[in-house]
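Below is one structure, written out as structure tokens, with a few remarks after it.
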Number of protein chains: 2
Amino acid sequence: MKTETSAYLDVHFPQFEPELREELAEIAEIRNIPAGETLMRTGQNIRSTVLVAEGRLKLYREGHDEGEIFMYYLEPGNACALSMVCGQQQETSGVMLKAIEDSTVILIPVKYMENFMQRYKGWYNFVVETYRDRFEELLTLIDHIAFRAMDERLVHYLDHQRDKLRTNKLHITHSEIATDLHSSREVISRLLKKLEQQGRVKLHRQYIEML
Amino acid sequence: MKTETSAYLDVHFPQFEPELREELAEIAEIRNIPAGETLMRTGQNIRSTVLVAEGRLKLYREGHDEGEIFMYYLEPGNACALSMVCGQQQETSGVMLKAIEDSTVILIPVKYMENFMQRYKGWYNFVVETYRDRFEELLTLIDHIAFRAMDERLVHYLDHQRDKLRTNKLHITHSEIATDLHSSREVISRLLKKLEQQGRVKLHRQYIEML
DNA sequence: CCTGCACGGTGACCCAGGTCACCGTTACAG
DNA sequence: CTGTAACGGTGACCTGGGTCACCGTGCAGG
């Protein structure tokens, strides 16, 4: 009989070797996170690698002086790259991880990392791919913050949301966008209005329709 | 008799197993880069992992529309994290790597990566540590661009230079600082002047003295 | 039915920092 | 010695976008 963990691994991590999945299922801790809850805060210690089994989480970098900026989504089949690099020694997280849907994560104590790396190609590839993707994402983020004006960043943000959430109706408030882009609500409202005038979006109460 | 590559590895990568160093010495290509020259450009293919043997290189992210931003230094004993993640498949670089001193790098074809990862703990640890450090550096960079004003960023930049170059006299032009911070010379000059008035630096022709 | 609150719109204002124009100084090449 | 280029200083100006104040509207809970 299959455990819950094992079932999640089979569905979302099929590239792992069956024996790896078995091993993981034995040592993993599974945790449910209700929508809106924070799994990890800046400055917290990391003792486990986080694999996402269900739901959707948002990963933010927090500024020292209040404020945060959205980095990327974690979805089923993804892992938090940061929680993978943090080795044996007690590392502290530099990010904040928040569930935006009811989510389920699989926690693997970091001490097994090295062992799996060496014994399972599937795990090795997964880790390397995760690093690559996240690195790429961080570089893109740097681009945007450093080189692009707010209006361009907003358009990119909306496109990204549409692609990720697979819908043209984005149920997201102006303030939330402002937080994610580390701007302010008024600015976002103004820019959205501009986009509406350009016929690129349609604004509704509670959601934004992309054209 | 030792080869040149082998000697570099012994000096700057002592944490590698002796057999690993031997293997590396056999497959490595060694390359000298005169100061000022660019080793890698955005969009170029990567086929080798870069280990730094001598000198000092600066790594930049380039914006699409002209402009660049300094990410970090590579020094002897360091490696370019990006060139490690880029797997078997032809990945293209998202960064620009420029020698600021006459430098020597050791190039290891990426196809050996996986093998070394599994066979040598020293290599595994090195790669993981490199990832962790670079990730951390990128996060710090994001912080600075997103949350800090130019004057604070400038101070941080100067401190960083002093630490890295181990000298209070920074031989660097205002324009170069401006490029690195993706600002403009005038702004940097103004801010430096402000710092001088606060007694935190002393400006000279061709160099900046930190107090 | 009210009342409060979340959401969004809008005008007025301000400021960091980017841009432009221009100049003085130093260094080096011819 | 002189021309030219790199470097740096400075004032004038502009603008993106952050901030403040305030309002309207729709909805949920008493």
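What you see is a predicted model, and the numbers here were worked out from it, not measured in a lab. Below, chain A is the first sequence line, B the second, and so on; all start at residue 1.
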Problem - Ile172(A) vs His182(B), nearer the 5' end of DNA chain C by closest nucleotide - result: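 So the residue in question is Ile172(A).
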
Which nucleotide wins on minimum distance to the side chain of [X], given the candidates [options]?
X	options	value
Met150(B)	dG17(C), dC7(D), dG8(C)	dG17(C)
Ser184(B)	dG24(D), dT19(C), dG24(C)	dT19(C)
Gln206(B)	dC7(D), dT10(C), dG9(D)	dC7(D)

Practice task
Please tell me which of Glu186(A) and Glu196(B) maps to the more 5' nucleotide of DNA chain D, matching each residue to the nucleotide holding its nearest heavy atom.
Solution key: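 Residue closer to the 5' terminus by nearest nucleotide: Glu196(B).
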
Exercise for the section: Using the closest heavy atom to pick a nucleotide of DNA chain D for each, name whichever of Arg190(A) or Arg185(A) lands nearer the 5' end. Expected result: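 Here Arg190(A) is the residue nearer the 5' end.
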
[N] OP1/OP2 closer than 4.0 Å to side-chain N/O of [X]:
X	N	answer
His204(B)	dG8(D)	no
Ser189(B)	dG9(D)	yes
His174(A)	dG9(C)	yes

Which value, rounded to the nearest 0.5 Å, describes the distance between [X] atom [atom1] and [Y] atom [atom2]?
X	Y	atom1	atom2	value
Leu82(B)	Met71(B)	CG	CE	6.0 Å
Leu154(B)	Asp159(B)	CG	CG	9.5 Å
Ile142(B)	Glu137(B)	CD1	CD	12.5 Å

Handout entry: Residues Glu176(A), Lys58(A): salt bridge by 4.0 Å N-O rule
Key =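 Result for this pair is yes, salt bridge flagged.
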
Between [N] atom [atom2] and [X] atom [atom1], what is the distance in whole Å?
X	N	atom1	atom2	answer
His171(B)	dT26(C)	NE2	C1'	16 Å
Ile208(A)	dG9(C)	CD1	P	9 Å
Leu195(A)	dG9(C)	CG	P	12 Å
Ile188(A)	dT10(C)	CD1	P	15 Å
Arg205(B)	dA5(D)	CZ	P	16 Å
Phe147(A)	dG17(C)	CZ	C1'	17 Å
Leu192(A)	dG17(D)	CG	C1'	15 Å
Lys193(A)	dG16(D)	NZ	P	19 Å

Exercise for the section: Mark yes or no for whether Asp102(A), through its side chain, and Ala35(A), through its backbone, hold a donor-acceptor pair below 3.5 Å. Expected result: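 Here the side-chain-to-backbone pair exists.
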
